[in-house]
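These figures come from a predicted structure and were not determined experimentally.
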Amino acid sequence: MTPSTSATATSGPDRRYSYAVVLGAVAVGLLAPGAAAWLLAPVLLGGMVVLGVAHGACDQFVVPATHPALVRSRGRYWAGFLVAYLGLAAAVGLLWWWQPAAAVALFFGLTAWHWGSGDAPAQARHRSQWLAHSLLRGTLLFAVPLWHWPTETMDIVRGLLALVGAANLPATPGLLGVGLLPVVLVGLVLLWLSYYGQQQGQLARTDMLETGLLVVLLMVLPPVLAAGVYFVFWHSLQHVLRMNQLMDRSPTAPRLSLWAELRFFLRRSAPLLLISLGGLALVFGLAWTRTASGPVLVSLALLAASVVTLPHALLVTLGMDAAQWRPRY
């Protein structure tokens with residue numbers, strides 16, 4: 001294990017920034033529900049550029065930081081990285097063309113795992129706890145909207161399928177929307193009890209706090225806004241801070257301010273971030289000229305995200321989370 005990997009495995013990034021934004025978004029949703037979309041949209045759009053799109057623009061640094069033995073030749077590594085990354089993205093694109101329903105299932109299932117594992121505590125003493133937390137947290141983020149906002153949530157899925165010319169879905173999720181959330185909550189209670197059984201009460205209480213914050217966020221704000229707040233200011237921000245522990249920084253370096261952390265990350269993500277933004281501007285510009293509606297633009301954003309989710313999630317799971325898959329004694 002490299003020093004930087006060890007640092008990441010023992011102490012995660014500070015989540016207080018994410019807590020503060022979630023509380024602010026909830027306050028907006030409670031105090032001005034009719035204007036929440038207008039008030040939050042500019043913040044989300046700016047955050048989507050600085051954090052959402054940017055958080056995957058340093059993927060090329062994951063393997064050199066976590067498995068340096070695989071990077072003996074810089075040129076060969078870059079060639080292999082680009083071929084593998086773009087190849088996986090192209091495979092997802094082909095799946096959307098060939099089997100849209102399977103592509104939707106893959107996208108949301110992989111997103112649930114990726115978000116959940118990103119939140120899973122490295123301090124868990126057993127691999128089964130880390131896995132359980134990853135699955136339960138990720139599923140929670142979809143189970144709450146399915147239960148509390150069933151029609152709006154299904155509209156998002158239908159919009160994705162309609163964008164690629166696939167068949168429609170029922171208006172509501174049916175039994176899945178009713179039964180999934182209770183199963184997840186029972187699983188979380190059992191997980192918290194297991195933490196207490198390992199004398200990790202603080203870990204259990206922290207997870208209870210985070211679960212409560214996220215449930216409130218997902219109930220107060222409509223699915224698109226709630227998912228946007230979580231993705232940008234929780235998942236992406238935490239990934240940025242975690243990546244900073246891997247890239248070019250000593251694990252013993254003093255903690256920087258949030259703005260210094262963001263500057264550090266953006267300087268390294270700038271090349272791929274600019275390319276990504278250029279491609280997205282082209283795609284959305286064409287859609288805008290064809291007077292695409294708001295839901296179509298949301299579907300287009302999700303479709304674009306789905307193409308890079310597979311390679312990005314694999315790098316995180318097999319690279320940044322490699323320590324979690326090793327036997328623990």
message: Suppose we call two aromatic rings close when their centres sit under 6.0 Å apart. Are Phe231 and His239 close by that rule?
response: no
- prompt: In terms of hydrophobic clusters joined by side-chain contacts under 4.5 Å, are Leu40 and Leu297 together?
  reply: yes
field: Nearest non-hydrogen partners of Ala36 and Leu225, listed with the distance
entry: C-CD1, 4.1 Å
- prompt: Do Arg72 side-chain atoms and Ala69 backbone N/O form a donor-acceptor pair below 3.5 Å?
  reply: yes
- request: Could you walk me through whether Tyr85 and Asp59 pass side-chain hydrogen bond (donor to acceptor under 3.5 Å, both in side chains), step by step?
  value: CA-CA 9 Å; Tyr85 202 95; Asp59 282 353; 2.7 Å; yes
message: Suppose clustering is done on Ile, Leu, Val, Met, Phe, Trp and Tyr with side-chain heavy atoms closer than 4.5 Å. Which residues sit in the same group as Leu272?
response: Ile275
message: A side-chain contact here means heavy atoms from C-beta on lying under 4.5 Å apart; do Thr211 and Met208 qualify?
response: no
- request: Keeping the roles fixed (side chain from Arg242, backbone from Met320), state whether a donor-acceptor pair exists under 3.5 Å.
  value: yes
- prompt: Do Leu45 and Phe284 share a hydrophobic cluster, counting only Ile, Leu, Val, Met, Phe, Trp and Tyr and linking them when any side-chain heavy atoms are less than 4.5 Å apart?
  reply: no
message: Is there a side-chain contact between Glu210 and Tyr19 in this structure, where contact means two heavy atoms from C-beta onward sitting under 4.5 Å apart?
response: yes
Approximate separation, where rounding is to 0.5 Å, of Glu152 CD and Leu146 CG: 11.5 Å
- prompt: Minimum heavy-atom separation for Ser18 to Leu237, with atom names?
  reply: OG-CD2, 3.9 Å
Which atom of Val164 lies closest to which atom of Pro100, heavy atoms considered: CG2-CB, 3.7 Å
- prompt: Hey, does Cys58 have a side-chain heavy atom less than 4.5 Å from the side chain of Met243?
  reply: yes
message: Run the side-chain contact (heavy atoms from CB on, under 4.5 Å) test on Val157 and Phe108 for me, step by step, so that the C-alpha distance in whole Å, both residues' side-chain angles and the decisive distance to 0.1 Å come before the verdict.
response: CA-CA 10 Å; Val157 182; Phe108 287 115; 4.1 Å; yes
- prompt: Do His133 and Asp119 have a side chain donor and acceptor closer than 3.5 Å?
  reply: no
statement: Correct closest heavy-atom pair for Thr153 and Pro223 would be OG1-CG, 3.6 Å
task: Starting at CG of Leu314, measure out to NE2 of His114 and round the result to the nearest 0.5 Å.
output: 10.0 Å
message: I'd like to check Val229 versus Val43 (side-chain heavy atoms, cut-off strictly below 4.5 Å). Are they in contact?
response: no
message: Regarding Asp321 and Arg326, does a basic nitrogen lie under 4.0 Å from an acidic carboxylate oxygen?
response: no
Over-ring placement of Arg268 relative to Phe265, 6.0 Å and 45° cut-offs: no
field: Distance in Å, Leu181 CG paired with His148 NE2, rounded so as to fall on 0.5 Å steps
entry: 11.0 Å
task: Given side-chain contact (heavy atoms from CB on, under 4.5 Å), test Val62 with Val316 step by step and report yes or no.
output: CA-CA 8 Å; Val62 172; Val316 174; 5.8 Å; no
- prompt: Are Leu273 and Leu246 grouped together when hydrophobic residues (ILVMFWY) are joined by side-chain heavy atoms under 4.5 angstrom apart?
  reply: yes
query: Given side chains that start at C-beta, do those of Val298 and Pro295 come closer than 4.5 Å, heavy atoms only?
result: no
- request: For residues His55 and Leu51, determine if any side-chain heavy atom of one lies less than 4.5 Å from a side-chain heavy atom of the other.
  value: no
Residues Arg205, Tyr196; criterion side-chain contact (heavy atoms from CB on, under 4.5 Å); working and verdict: CA-CA 9 Å; Arg205 290 187 291 273; Tyr196 276 109; 3.3 Å; yes
- request: Enter the distance from Leu135:CG to Leu140:CG here, rounded to the nearest 0.5 Å.
  value: 12.5 Å
task: Scan side-chain atoms only and decide if Thr317 and Trp113 contain a donor-acceptor pair under the 3.5 Å cut-off.
output: yes
Linked hydrophobic residues, Leu86 as query - side chain contacts closer than 4.5 Å: none
query: Are any non-hydrogen side-chain atoms of Leu44 and Met48 less than 4.5 angstrom apart?
result: no
- request: Identify the two heavy atoms, one from Ala322 and one from His67, that lie closest to each other, and give their separation to 0.1 Å.
  value: CB-CE1, 4.1 Å
- request: Kindly determine whether Arg137 and Leu214 satisfy side-chain contact (heavy atoms from CB on, under 4.5 Å), including the steps that lead there.
  value: CA-CA 10 Å; Arg137 171 65 65 84; Leu214 292 174; 3.8 Å; yes
- prompt: Taking atom CZ of Arg127 and atom OG of Ser134, what is their separation to the nearest 0.5 Å?
  reply: 12.5 Å
- line: Minimal heavy-atom distance between Leu110 and Leu310, with the atoms involved, is CD2-CA, 3.4 Å
Ser194 vs Leu191 side-chain heavy atoms within contact, under 4.5 Å: yes
field: Any donor-acceptor pair under 3.5 Å from Gln238 side chain to His235 backbone
entry: no
- line: Distance col, row Leu161:CG vs Trp96:CH2, nearest 0.5 angstrom, shows 6.5 Å
- request: Verify the neighbour count for atom CZ of Arg267: are there more than 12 heavy atoms of other residues, nucleotides or ligands below 6.0 Å?
  value: yes
query: Would Trp115 end up clustered with Leu303 when hydrophobic side chains under 4.5 Å apart are linked, directly or stepwise?
result: yes
- line: Per side-chain contact (heavy atoms from CB on, under 4.5 Å), Val240 is matched among Leu262, Leu266, Leu258 by Leu262
- prompt: Given the rule that I, L, V, M, F, W and Y join up when any side-chain heavy atoms are under 4.5 Å apart, are Val184 and Leu193 in one cluster?
  reply: yes
